[in-house]
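The structure under discussion appears below in the form of structure tokens.
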Amino acid sequence: MRAVLPLLCAAAWLLGAPALSLKKFHFKSWMVQHKKTYSSREYPHRMQTFASNWRKINAHNRRNHTFESTRAPLLHGWGREKHNCSATKSNYLRGRGPYPPSMDWRKKGNFVSPVKNQGACGSCWTFSTTGALESAVAIATGKMLSLAEQQLVDCAKDFNNHGCQGGLPSQAFEYILYNKGIMSEDTYPYQGKDGTCRFQPGKAIAFVKDVANITMNDEQAMVEAVALYNPVSFAFEVTDDFLMYRRGVYSSTSCHNTPDKVNHAVLAVGYGEDKGTPYWIVKNSWGSQWGMNGYFLIERGKNMCGLAACASYPIPLV
Ligand SMILES: *[C@@H]1O[C@H](CO)[C@@H](O)[C@H](O)[C@H]1NC(C)=O
Ligand SMILES: *[C@@H]1O[C@H](CO)[C@@H](O)[C@H](O)[C@H]1NC(C)=O
Ligand SMILES: *[C@@H]1O[C@H](CO)[C@@H](O)[C@H](O)[C@H]1NC(C)=O
């Protein structure tokens, strides 16, 4: 089986202002993941070493994409193996439309939970997952729950997820399905670091009946799913320029659009169009201070940064 990309998941506090360079950003992520701290005297030297290793690893990987056994000691999830976030087969059947020109689940009722903050853990995929399921349950029952990201961080490893080192929403939905449920934020609070699984079946409050995997690169199917059914979890590639996002429709020429490059998972809660530019309305997990009250807009219709590479949403069991 092909290794699936462990999304590293950029974290908000790593971004700072003004935005950090990507090198610094990767270095800080690496420090967090490996629990390193350096004195301010040591730091510049350590970062130089890291940057030089990083360049070598990337250069090596560019030369030899199939060489999987050279595991870069430094980087988890970056430039190491050939990854592919797409489901091997999709099970979403798209209709023909037409679809409404705009949609915003936040305005339809109490269907989108407040923006959360993943902190210094590469757990974006857990927030994308809980956000999608919280909406699914709210749409089906009218009840807004807050679900436990920490359970996914601690317990979903058998489904090819890696806690604070990344994971994928589609695989997390599968975990919740087979695990028979997920607990609440209150009974299994978020800690933002890897821990041992403390799932208690009696305290599960939300359940998954099925997982809809949208066909790779079928962005129109994402539109249909968001228009007709549910907010949709998706992944895309965060590059340097995204770290400077403040407002407006994000569009990039520096990111790629293939399933092997995505590194951040989020939740599409709607879409629209501004002066001829179609966009997605996206809930991030970097707190409500980031972007536009925790949200951003990204250009729609071009598979921007690979956003249509691996989209999915859960069908709740209610
Ligand atoms: C490329 O990978 C193969 C193994 O898959 C290895 O034998 C070969 O030496 C590698 N080449 C380079 C230039 O690293
Ligand atoms: C959906 O995606 C998940 C994770 O990639 C996978 O385990 C599951 O088999 C997929 N389902 C279908 C029906 O393809
Ligand atoms: C990724 O996986 C999908 C589904 O298995 C496949 O169709 C696609 O060609 C793969 N893409 C890459 C770049 O490996």
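Ligands are counted one by one from 1 in listed order, and the atoms in each one are counted from 1 as well. What's counted below: heavy atoms across the whole structure, side chains too, no hydrogens, waters or symmetry copies. These figures come from a predicted structure and were not determined experimentally.
- The side-chain contact (heavy atoms from CB on, under 4.5 Å) check on R106 picks up D104, V112, V269, I281, Y295, with sequence neighbours excluded.
- For an aromatic pair to be called close, the ring centres must be under 6.0 Å apart, and F236 with F296 satisfies this.
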What short N/O contacts, under 3.5 Å, does ligand 2 make with the protein, listed by atom pair and distance?
| unit_1 | atom_1 | unit_2 | atom_2 | d |
| --- | --- | --- | --- | --- |
| ligand 2 | 2 (O) | N213 | OD1 | 3.1 |
| ligand 2 | 2 (O) | N213 | ND2 | 2.5 |
| ligand 2 | 5 (O) | S170 | OG | 3.4 |
| ligand 2 | 11 (N) | N213 | ND2 | 2.7 |
| ligand 2 | 14 (O) | K89 | O | 2.4 |
| ligand 2 | 14 (O) | N213 | ND2 | 3.3 |

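- Legend: salt bridge (Lys or Arg N to Asp or Glu O under 4.0 Å) pairs involving residues 157-172, not counting sequence neighbours: none detected.
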Let me have the donor-acceptor pairs involving side chains of residues 272-279, under 3.5 Å, with sequence neighbours excluded, atom names and distances please.
none

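- Of all heavy-atom pairs spanning L147 and A206, the tightest one is CD2-CB, 3.7 Å.
- Ring geometry for Y229 versus Y313: interplanar angle under 30°, hence parallel rather than tilted (30 to 60°).
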